[in-house]
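These numbers were taken from a predicted model, which means no experiment stands behind them.
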Amino acid sequence: MTAVHDIQRVIESFVDAFNRGDAAAIDEIFEQQGVLVPAPGQPMSGDDRRAAQKHLLGFGLPMRADVRHIYVAGDIAQIIVDWSITGTTPDGYEIDLKGTATDVARLGEDGRWRYVIDNPFGTADLTPPA
């Protein structure tokens, strides 16, 4: 199997775990010190990362992800993914989240790829409105 194929499977596992609402499975896809950036400029790791992930899972809506690019250099990969979470939550709130993630994964000594950085809004414009 190629590294790109292995990384594609990690992305599929992430989406599957998200759509099942399985926070523990998502956490296993991250390195221990892995970072989630749930909003531009707000990196979170550890318990804060897990809480942010649970918040997103709490919408109870499926995620869709389409991989644009995977670039591999040795044991590091950059992943570009278009994603969306759209629908009505069980509480009746309309959700329409989407973005193009710029993520980083690393191949561990155990042969598994894990997210180091999950930046779902990686291409978002951080410039404040005029």
Measure across [X] and [Y] and return the closest heavy-atom pair with its distance rounded to 0.1 Å.
X: Val37; Y: Pro43; result: CG2-CA, 4.1 Å
X: Gly122; Y: Thr102; result: CA-OG1, 3.2 Å
X: Ala52; Y: Leu36; result: CB-CD2, 3.8 Å

What pairs with [X] under side-chain hydrogen bond (donor to acceptor under 3.5 Å, both in side chains), at least two apart in sequence or on another chain?
X: His55; result: none
X: Glu31; result: Arg106
X: Asn19; result: none
X: Arg49; result: Asp27

Can you run down the ring-ring contact (aromatic ring centres under 6.0 Å, His included) pairs that involve residues 26-53, sequence neighbours left out, and say none if there aren't any?
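Listed once each, the pairs are Phe30-Tyr115.
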With rounding to the nearest 0.5 Å, note down the distance linking NZ in Lys98 to CZ in Phe121.
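The CZ atom of Phe121 is 11.0 Å from NZ of Lys98, to the nearest 0.5 Å.
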Quick one, Arg64 with Asp66, criterion salt bridge (charged side-chain N to carboxylate O under 4.0 Å, His left out). Give me CA distance, side-chain angles, the key distance, then yes/no.
CA-CA 7 Å; Arg64 179 185 167 122; Asp66 297 307; 3.2 Å; yes
Side-chain polar contacts of residues 84-97 - donor-acceptor pairs under 3.5 angstrom, sequence neighbours left out - could you list them?
from  : atom 1 : to    : atom 2 : distance (Å)
Thr86 : OG1    : Asp96 : OD1    : 3.4
Thr88 : OG1    : Glu94 : OE1    : 3.4
Thr88 : OG1    : Glu94 : OE2    : 2.4
Thr89 : OG1    : Asp91 : N      : 3.3
Thr89 : OG1    : Gly92 : N      : 3.4
Thr89 : OG1    : Tyr93 : N      : 3.0

Please enumerate all residues that pass salt bridge (charged side-chain N to carboxylate O under 4.0 Å, His left out) together with Asp82, with sequence neighbours excluded.
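So Asp82 forms a salt bridge (charged side-chain N to carboxylate O under 4.0 Å, His left out) with Arg68.
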Does Asp75 have any salt bridge (charged side-chain N to carboxylate O under 4.0 Å, His left out) partners at least two apart in sequence or in another chain, and if so, which?
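Per chain and number, Asp75 pairs via salt bridge (charged side-chain N to carboxylate O under 4.0 Å, His left out) with no residue.
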Partner set under side chain to side chain contact (heavy atoms under 4.5 Å, CB included) for [X], not counting sequence neighbours:
X: Gln78; value: Tyr71, Ile80
X: Asp110; value: Arg112, Arg114
X: Ile7; value: Ile11, Ile70, Val72, Ala77, Ile79, Trp113

Starting from Met44, can I reach Ile117 by hopping between I/L/V/M/F/W/Y residues whose side chains sit under 4.5 Å apart?
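Shared cluster, no.
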Leu56-Val35 co-clustered via ILVMFWY side chain contacts under 4.5 Å:
no
Sequence neighbours excluded - salt bridge (charged side-chain N to carboxylate O under 4.0 Å, His left out) pairs with any residue from residues 10-19
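Of all non-adjacent pairs touching residues 10-19, those that pass salt bridge (charged side-chain N to carboxylate O under 4.0 Å, His left out) are Asp16-Arg20.
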Among Leu107, Val104, Val116, which one satisfies side-chain contact (heavy atoms from CB on, under 4.5 Å) with Ile76?
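Option passing the side-chain contact (heavy atoms from CB on, under 4.5 Å) with Ile76: Val104.
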Between Trp83 and Phe18, is the gap from one ring center to the other below 6.0 Å?
no
